[in-house]
S.K.: 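Sending over a structure as structure tokens; questions will come in a sec.
Keep in mind the model is a prediction, meaning the values are calculated, not measured. In this chain, residues are counted from 1 in sequence order.
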Amino acid sequence: MTADVLERLRQALPGLRPAERRIAELALATPAEASEMTITALAEQCGTSAASVTRLYRALDLPGYPAFRIALARAAADEQRRRLSFGVEDAEINPDDDALAVARKLAYHEARAIEGTAEALDVVELDHVVEAITQSPVVDIYGSGSSSLAGQDLQQKLRRIGRLTNCWVDPHLAVTSAAVLPPASVAIAFSHSGRTSETIAALRTAAKAGAHTVAITNFQDTPLARHASSVLTTVSRETRFRPGAMASRMAQLALVDILFIRVAQRSPEAVNLSLTATYDAVAARHDH
């Protein structure tokens with residue numbers, strides 16, 4: 001699957017040069033207007049050269065500037081259509097928005113995070129991770145802050161179907177567990193930015209121990225991704241009252257559900273037995 005050009009620009013931002021980043025930020029802020037500019041006008045507007053624009057669209061695997069303009073125009077029209085379907089003209093949450101506007105705008109952003117993550121998902125890489133999990137003796141999961149919530153959700157799901165899984169939110173426990181992972185283990189690290197030092201340290205340690213390392217992040221070109229055997233990317237956006245830590249949560253949880261279902265599909269009968277056993281164990285406590 002491939003994300004639209006706006007999502008690809010957002011994911012590329014951390015790895016862009018300053019001049020290319022200025023072009024990307026302008027295109028993200030006003031895609032419809034940018035799509036109408038010539039390559040020279042766009043470059044001048046961003047205080048750079050046409051060569052920088054060329055490097056940017058080539059980084060997005062687009063064949064030429066006309067294709068870049070068309071992609072921007074289509075993405076802008078699609079964004080407008082999606083916003084109108086949620087009853088919002090402006091997706092930014094403002095201080096004077098009433099409760100209905102906030103609810104609609106949040107619903108729009110949550111839905112876009114889930115849809116964008118599904119659209120951009122590398123399903124081949126996903127199934128590589130699934131295969132590694134099904135063959136692993138233990139799965140270690142790392143994450144800090146809100147990313148630890150997604151990690152804990154995955155840990156609980158995999159535990160319920162009999163997979164030995166640990167989720168470490170304490171950075172010292174994370175690295176000590178990573179250092180002694182047995183062969184064929186899987187280590188999964190959640191970080192929206194891909195730059196959380198404690199999470200990077202844990203995944204790097206797991207890689208040295210010989211584990212199959214997985215980065216779940218919003219950006220491909222990050223320090224965390226460089227220590228990963230597999231990278232699964234989420235798609236989420238920041239707003240004024242909804243920074244990255246909040247924006248990433250729904251996208252990460254959606255990816256957790258996709259990953260869990262693919263693992264469960266590998267052995268449906270055993271999974272059903274495990275789910276029944278865990279449900280009965282909890283239900284029995286409710287009878288007392």
S.K.: Do L28 and F219 sit in the same hydrophobic cluster, where Ile, Leu, Val, Met, Phe, Trp and Tyr count as joined when their side-chain heavy atoms come under 4.5 Å apart?
M.R.: no
S.K.: Is it true that R159 and Q156 share a donor-acceptor pair across their side chains at a distance under 3.5 Å?
M.R.: no
S.K.: Compare every heavy atom of V5 with every heavy atom of A75, then report the nearest pair and how far apart it is.
M.R.: CB-CG1, 3.9 Å
S.K.: For the residue pair A215 and A225, what are the closest heavy atoms and their distance?
M.R.: CB-CA, 4.1 Å
S.K.: For I133, run the side chain to side chain contact (heavy atoms under 4.5 Å, CB included) check against I188, T165, L154 and tell me which one passes.
M.R.: I188
S.K.: Could you give the distance from NZ (K105) to CD (E92), rounded to the nearest 0.5 Å?
M.R.: 7.5 Å
S.K.: Using a 4.5 Å cut-off on heavy atoms from C-beta on, say whether the side chain of V130 contacts that of R266.
M.R.: yes
S.K.: For the pair T54 and I39, evaluate side-chain contact (heavy atoms from CB on, under 4.5 Å) and give the outcome as yes or no after the intermediate values.
M.R.: CA-CA 8 Å; T54 300; I39 190 170; 3.8 Å; yes
S.K.: Between the main-chain N or O of N218 and the side-chain N or O of T233, is there a donor-acceptor pair closer than 3.5 Å?
M.R.: no
S.K.: V214 and V175: same hydrophobic cluster, using ILVMFWY side-chain contacts below 4.5 Å?
M.R.: no
S.K.: How far does CG of L126 sit from CD of E131, to the nearest 0.5 angstrom?
M.R.: 12.0 Å
S.K.: Should the pair E79-R82 be classified as a salt bridge under the 4.0 Å nitrogen-to-oxygen rule?
M.R.: no
S.K.: So, does S177 use its side chain to make a donor-acceptor pair with the main chain of A174 at under 3.5 Å?
M.R.: no
S.K.: Is a side-chain donor or acceptor of S191 paired with a backbone partner of T217 at a separation under 3.5 angstrom?
M.R.: no
S.K.: Could you tell me how the ring of F86 sits relative to the ring of Y108: parallel (under 30°), tilted (30 to 60°) or perpendicular (over 60°)?
M.R.: perpendicular
S.K.: Could you tell me whether E20 and R58 make a salt bridge, using a distance below 4.0 angstrom between a side-chain N and a carboxylate O?
M.R.: no
S.K.: State, without any angle test, whether T278 and R160 hold a side-chain donor-acceptor pair at a distance under 3.5 Å.
M.R.: yes
S.K.: When rounded to the nearest 0.5 angstrom, what distance separates CD1 in I23 from OG1 in T48?
M.R.: 5.0 Å
S.K.: Are Q152 and I141 side-chain neighbours, meaning at least one heavy-atom pair lies under 4.5 Å?
M.R.: no
S.K.: Mind checking the CZ-CG spacing from R262 to D257? Nearest 0.5 Å is all I need.
M.R.: 14.5 Å
S.K.: Under a 4.5 Å side-chain heavy-atom rule over Ile, Leu, Val, Met, Phe, Trp and Tyr, are L158 and L259 clustered together?
M.R.: yes
S.K.: Got a donor-acceptor contact below 3.5 angstrom from the D153 side chain to the L149 backbone?
M.R.: no
S.K.: With a 3.5 Å cut-off and no angle check, do the side chains of T213 and H227 form a donor-acceptor pair?
M.R.: no
S.K.: Treating Ile, Leu, Val, Met, Phe, Trp and Tyr as nodes and any side-chain heavy-atom pair under 4.5 angstrom as an edge, say whether V123 and I261 lie in one connected cluster.
M.R.: yes
S.K.: Kindly determine whether S147 and Q252 satisfy side-chain contact (heavy atoms from CB on, under 4.5 Å), including the steps that lead there.
M.R.: CA-CA 8 Å; S147 290; Q252 289 178 345; 3.3 Å; yes
S.K.: Salt bridge check: are E7 and R10 linked by an N-O gap of less than 4.0 Å?
M.R.: yes
S.K.: Counting distance only, does the side-chain N/O of Q11 pair as donor-acceptor with the main-chain N or O of T234 below 3.5 Å?
M.R.: yes
S.K.: Decide yes or no for R163 and T134: does some side-chain heavy atom of the first lie under 4.5 Å from some side-chain heavy atom of the second?
M.R.: yes
S.K.: Should L181 and V138 be marked as a side-chain contact (heavy atoms from CB on, under 4.5 Å) after you check the CA-CA gap, both sets of side-chain angles, and the distance that decides it?
M.R.: CA-CA 8 Å; L181 284 173; V138 61; 4.0 Å; yes
S.K.: Side chains of I161 and K157: does their closest heavy-atom pair fall under 4.5 Å?
M.R.: no
S.K.: In Å, rounded to the nearest 0.5 Å, how long is the span from CG of D170 to OH of Y142?
M.R.: 12.5 Å
S.K.: Tell me if a side-chain donor or acceptor on T199 pairs with a main-chain N or O of R195 at a distance below 3.5 Å.
M.R.: no
S.K.: Enter the distance from S230:OG to I216:CD1 here, rounded to the nearest 0.5 Å.
M.R.: 10.0 Å
S.K.: Can you find a pair of side-chain heavy atoms, one from S136 and one from H212, that are under 4.5 Å apart?
M.R.: no
S.K.: Would L9 and L56 satisfy side-chain contact (heavy atoms from CB on, under 4.5 Å), going step by step from the backbone distance to the final call?
M.R.: CA-CA 9 Å; L9 281 170; L56 177 62; 3.9 Å; yes
S.K.: Does S35 use its side chain to pair, donor to acceptor, with the backbone of A32 at less than 3.5 Å?
M.R.: yes
S.K.: Quick one: closest heavy-atom pair of L72 and A34, and the distance?
M.R.: CD1-CB, 4.0 Å
S.K.: Just so I know, are the side chains of L106 and I93 near enough to count as touching, which here means a heavy-atom distance under 4.5 Å?
M.R.: yes
S.K.: Please check: side-chain N/O of R22 versus main-chain N/O of C46, any donor-acceptor pairing under 3.5 Å?
M.R.: yes
S.K.: Look at atom CD of E89 and say whether more than 12 heavy atoms of other residues, nucleotides or ligands are closer to it than 6.0 Å.
M.R.: no
S.K.: Ignoring hydrogens and geometry, is there a side-chain-to-backbone donor-acceptor pair from D97 to N94 under 3.5 Å?
M.R.: yes
S.K.: Compare all side-chain heavy atoms of I200 with those of T222 and state whether any distance is below 4.5 angstrom.
M.R.: no
S.K.: Please examine the side chains of E269 and L273, heavy atoms only from C-beta on, and report whether any two atoms are closer than 4.5 Å.
M.R.: no
